[in-house]
Participant: 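Before I ask anything, here is the structure I am working with.
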Amino acid sequence: MTDLTTLLEVGGPVAALGGGAAYTRAKYPAVYWSAIGGPISTARLLSSYASVMEACGLTVAPSRLRVLAVKATTRREVRPVPPRRGIIRPTLTGLRIRLRLAPGQEPADVAASAERLRHAWGVHAVYVTTVKPGVVELRLVGYDVLRRVRMPRKTDAGFLKVPVALRQDATPFVRDYRTVPHQLTLGATLSGKSMYLRHLITGLAPQAVALVGIDCKRGVELAPFAARLSALATDPDEAAELLPVLVKEMEDRYDLIKARQGIAPDTPDEEITSDIWGLPENVRPTPVVLFVDEVAELFLTATRKDEERRDEMVTQLIRLAQLGRAAGIYLEVCGQRFGAELGKGATMLRAQLTGRVCHRVNDEASAKMALGDIAPEAVSAACAIAPELPGLAVAGDTSGGWSRIRTPYLSLGDAAEICRESAHLVPDLPALKPFRPDVPVRLVETPDPAVLPHPATD
């Protein structure tokens, strides 16, 4: 009886501790990783590194000098040599470690064993990146960072760079318009496409950039950001008037660039440019980012007159996509579906959109529209996105690389407030003034004097 009582007294706190750890792991994975998961995984890595590398086939035969040294100093068995390991650097989401590969090894060998390393060291995922020739970095992620998104404190933000989402390897997904000038974003209803668009607009709002919107859903998506928009079209008729103005603005900027190229022969080479970024800052035009929401609405026609208008708008969009980068005009095209069935010019326009982001879609054909021509293996990943995970998407570009990302939550009210606070940064572009949206005046409720508290008097 005494032994049973002692066992119960000891087992109670142990069970409570285990239950608390399980609860923390489920509800607060970052805290669990920092307190428990990280130290355990580090101990596993240090104690089993050589044996795990040998089991994964990542070892090489030792050199003759090493064999002679081992035999001369000890009687141990000469074992294969694993890649030389660097210092383990813990992070808030996992571990980072660099490996120097042995002669004859390549990063693809390590990447092929990433799943084995994940199970051996008890982490959520292992990602391999090349640092320099012969050196790779293993990024060990301790838990599913996309389940509850928390953006890193330090991100590679800058001019025309917006950290808009979190990658599956716990690094920020940065939308860089200088590197990827145009992008296509697809997603079904309630897939998180609008949340992605909010982060882009609020990230660009504090910058010296002109934001232009085409929202053929009567402006329900982009109208809340009207305070920061330089122009807004809310139906196809207004879009048909706005797009030629943007094309004319692009042509004027090319005339400015050509005028700069026709300078005196003794001008230094660094002052000769082929885009606006080589122009002096005092004459450089303001960059323009065009957001097109529900692009399919621009392609739909009902009459022959609508077909003529559609053909003109599609031609202008294609011209902006082909020539806009050098003029500092960038496209962000969004929709639920986008493919050849929309009509003439759709495939040509899609080919000019370098970046691709595909949220949850309703059919496999939609995923193939976004990713099939750049990363066919990413199509199945996009089709596997569950409806319970809004904001989860697959991002890729024409280089063939892709990754899963998820956008953190941002309320519409907070996004609109950021745009209102940045309203004074709307650049002065005379050509876009006729399309400047009306910003409703915020009414400030004044209290009724009859119900104000009166000060106590004698």
Side-chain angles (χ1 to χ4, degrees), residues 17-18 20-60 79-102 105-156 163 165-174 381 392 395 401-406 408:
L17 185 62
Y23 177 82
T24 304
R25 184 175 186 178
K27 296 296 183 179
Y28 306 98
V31 177
Y32 175 84
W33 170 257
S34 301
I36 301 176
I40 292 177
S41 296
T42 302
R44 286 178 179 174
L45 193 154
L46 294 174
S47 61
S48 63
Y49 176 77
S51 59
V52 168
M53 288 292 160
E54 185 176 0
C56 294
L58 298 177
T59 56
V60 296
R79 302 183 64 85
V81 180
R84 190 163 59 183
R85 173 177 55 82
I87 300 175
I88 299 177
R89 290 173 290 175
T91 65
L92 295 177
T93 57
L95 303 172
R96 296 171 63 183
I97 178 175
R98 291 190 177 185
L99 306 180
R100 180 172 294 277
L101 303 180
Q105 292 181 328
E106 60 178 357
D109 299 333
V110 184
S113 302
E115 191 68 15
R116 295 183 179 184
L117 299 177
R118 178 180 81 88
H119 287 284
W121 294 331
V123 294
H124 178 74
V126 175
Y127 300 96
V128 182
T129 57
T130 302
V131 178
K132 59 183 180 180
V135 179
V136 298
E137 182 178 73
L138 299 184
R139 182 182 290 272
L140 282 65
V141 180
Y143 55 94
D144 186 3
V145 295
L146 299 184
R147 187 176 63 176
R148 185 178 299 173
V149 179
R150 296 180 61 184
M151 294 294 291
R153 294 180 180 178
K154 295 182 180 180
T155 57
D156 186 19
L166 187 68
R167 295 181 186 269
Q168 59 186 357
D169 61 354
T171 59
F173 174 73
V174 180
L392 187 63
W402 64 277
S403 62
R404 292 182 181 86
I405 65 172
R406 192 176 187 187

Participant: Just how far is it from atom CZ of R139 to atom CG of L95, taken to the nearest 0.5 Å?
Facilitator: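 Result: 11.0 Å between the selected atoms.
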Participant: Locate the shortest heavy-atom distance separating W121 from S41; write the atom from each residue and the value.
Facilitator: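 Looks like O-OG, 3.3 Å.
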Participant: How close do M151 and P408 get, counting heavy atoms only, and between which atoms?
Facilitator: CG-CG, 3.8 Å
Participant: Would you find more than 12 non-hydrogen atoms of other residues, nucleotides or ligands less than 6.0 Å from L46 atom CG?
Facilitator: yes
Participant: For R150, is the CZ atom crowded, meaning more than 12 foreign heavy atoms sit under 6.0 Å from it?
Facilitator: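 For R150, atom CZ is not crowded (no more than 12 foreign heavy atoms under 6.0 Å).
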Participant: From L166 CG over to R406 CZ, what is the distance, rounded to the nearest 0.5 angstrom?
Facilitator: 10.5 Å
Participant: Hey, could you give me the OG1/CZ distance between T129 and R96, rounded to the nearest 0.5 Å?
Facilitator: 8.0 Å
Participant: Would you name the heavy atoms of A55 and R116 that are closest together and state the gap between them?
Facilitator: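 Heavy atoms only, the tightest pair is O-NH1, 3.5 Å.
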Participant: Quick one: does W33's side chain get under 4.5 Å of V123's, heavy atoms only?
Facilitator: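 They are in contact (side-chain heavy atoms under 4.5 Å apart), so the answer is yes.
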Participant: Taking the side chain as C-beta and beyond, is there a heavy-atom pair between R85 and L99 under 4.5 Å?
Facilitator: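 Side chain of R85 against side chain of L99, heavy atoms only: contact under 4.5 Å found.
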Participant: Which of these passes side chain to side chain contact (heavy atoms under 4.5 Å, CB included) with C56: V110, L117, D109?
Facilitator: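 Answer to the side chain to side chain contact (heavy atoms under 4.5 Å, CB included) test with C56 among V110, L117, D109: L117.
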Participant: Specify the closest pair of heavy atoms between Y127 and D169, including all atoms of both residues, with the distance to one decimal.
Facilitator: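 So the two residues come closest at CD1-CB, 3.4 Å.
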Participant: Any chance you could measure M53, atom CE, to T59, atom OG1, to the nearest 0.5 Å?
Facilitator: 10.0 Å
Participant: Counting distance only, does the side-chain N/O of S48 pair as donor-acceptor with the main-chain N or O of R44 below 3.5 Å?
Facilitator: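 Yes, because the side chain of S48 sits within donor-acceptor range (under 3.5 Å) of the backbone of R44.
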Participant: Might you point out which heavy atoms bring E137 and V131 nearest each other, and give the distance in Å?
Facilitator: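 Here E137 and V131 meet closest at CB-CG2, 3.7 Å.
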Participant: Does Q105 use its side chain to pair, donor to acceptor, with the backbone of L58 at less than 3.5 Å?
Facilitator: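 A pair under 3.5 Å: yes.
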Participant: List the residues meeting side-chain hydrogen bond (donor to acceptor under 3.5 Å, both in side chains) with R118, not counting sequence neighbours, and say none if there are none.
Facilitator: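 For R118, the residues satisfying side-chain hydrogen bond (donor to acceptor under 3.5 Å, both in side chains) (neighbours in sequence not counted) are E115.
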Participant: Roughly how far, to the nearest 0.5 Å, is CG of L392 from CZ of R404?
Facilitator: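 If I round to the nearest 0.5 Å, the distance is 7.5 Å.
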Participant: Grab the two heavy atoms, one from T93 and one from Y143, that are nearest each other, plus how far apart they are.
Facilitator: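 Closest pair (atom of T93, atom of Y143, distance): CG2-OH, 3.5 Å.
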